[in-house]
Amino acid sequence: TQLLEQSPQFLSIQEGENLTVYCNSSSVFSSLQWYRQEPGEGPVLLVTVVTGGEVKKLKRLTFQFGDARKDSSLHITAAQPGDTGLYLCAGVGAGGTSYGKLTFGQGTILTVHP
Amino acid sequence: SAVISQKPSRDICQRGTSLTIQCQVDSQVTMMFWYRQQPGQSLTLIATANQGSEATYESGFVIDKFPISRPNLTFSTLTVSNMSPEDSSIYLCSVKNAGHSYEQYFGPGTRLTVT
């Protein structure tokens, strides 16, 4: 069974601060995705990282995939109240019975105070 | 991206009854999945809905409790049978196309409360 450990579980910060969310596993994934979810809605895909060592930027969000494709991080610069939400990392199964299946981390509830 | 709708958006049901949740996609998709999520927590995969054949269930989930149908490439249903309060959760369907696209898209979810 593939597991993803996501930390921290809760994050409460002031507007303008920086933060990093981590996602770690002992398993290798074909790719790793980050989602953001707001109450009453389904998760919305933010980014997919595929190559070991890959870094992707989405405005103030920076995503990194570990060299061994077992871990990932999400860094938010100068957080804003609009960034508030549940952030989920998800590893994409590489093959066999795991092909295409997502293994989700526990999630990080981020609250950015004005 | 695919647009996914779910019905109902929420329901309150009595113990021992069953509820069928519908998932409709605006385009044909290869793979459809059903997840369960406690509010503010992670998602757990229930099963993969296979078109024209029986669904593939994850460990801890069985067909008698969560029968799934997928009559075509745009529609699926999940039934939560003989409900108990422990079944209170958010149920989400998601879709993915095979091939080089890794993206998976989620419906808005169905919030189920069992009393």
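In what follows, chains carry the letters A, B, and so on, assigned in the order in which the sequence lines appear, proteins first and then strands, with residues in each chain numbered from 1.
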Discussion item. Quick check on B:L43 against chain A: is it the side chain, the backbone, both or neither that has a heavy atom closer than 4.5 Å?
Written reply: both

Discussion item. Among A:G107, A:G105, A:P43, A:A90, which residue has the highest count of heavy-atom pairs closer than 4.5 Å to chain B?
Written reply: A:P43

Worksheet item: Which atoms of A:Q33 come close to chain B, meaning under 4.5 Å heavy atom to heavy atom: side chain ones, backbone ones, both, or neither?
Response: side chain

Fill in: Presence of salt bridge, B:D11 and B:R111, under 4.0 angstrom
no

Worksheet entry | Under 4.5 Å from any heavy atom of chain B - which part of A:Q37 | side chain

Item to complete: Examine A:L46 and B:F106 and state if one hydrophobic cluster contains both, with Ile, Leu, Val, Met, Phe, Trp and Tyr joined whenever side-chain heavy atoms are less than 4.5 Å apart.
Response: no

Worksheet entry | Neighbour count above 12 (heavy atom, 6.0 Å) for B:R10 CZ | no

Worksheet entry | CE-CG distance between B:M32 and B:N50, expressed to the nearest 0.5 angstrom | 11.0 Å

Worksheet item: Would B:Q6 and B:T110 count as a side chain to side chain donor-acceptor pair (under 3.5 Å) if you check the C-alpha gap in whole Å, the side-chain angles of each, and the deciding distance to 0.1 Å?
Response: CA-CA 7 Å; B:Q6 285 187 233; B:T110 296; 3.2 Å; yes

Worksheet item: Side chain, backbone, both or neither: which part of B:T48 has an atom under 4.5 Å from a heavy atom of chain A?
Response: side chain

Worksheet entry | Max heavy-atom pair count under 4.5 Å with chain A, selected residue of B:C93, B:G109, B:G40 | B:G40

Practice prompt. Classify the side-chain pair B:S94/B:Q104 by whether it contains a donor and acceptor separated by less than 3.5 Å.
Written response: yes

Discussion item. Using a 4.5 angstrom heavy-atom cutoff, name the option from A:T103, A:L88, A:V92, A:T108 with the most pairs to chain B.
Written reply: A:L88

Worksheet entry | Engaged part of A:V50 at the chain B interface, taking heavy atoms whose separation is under 4.5 Å | side chain

Worksheet entry | A:Y22 atom OH, neighbour heavy-atom count above 12 within 6.0 Å | no

Worksheet item: Where does B:E58 contact chain A at under 4.5 Å (heavy atoms): side chain, backbone, both or neither?
Response: side chain

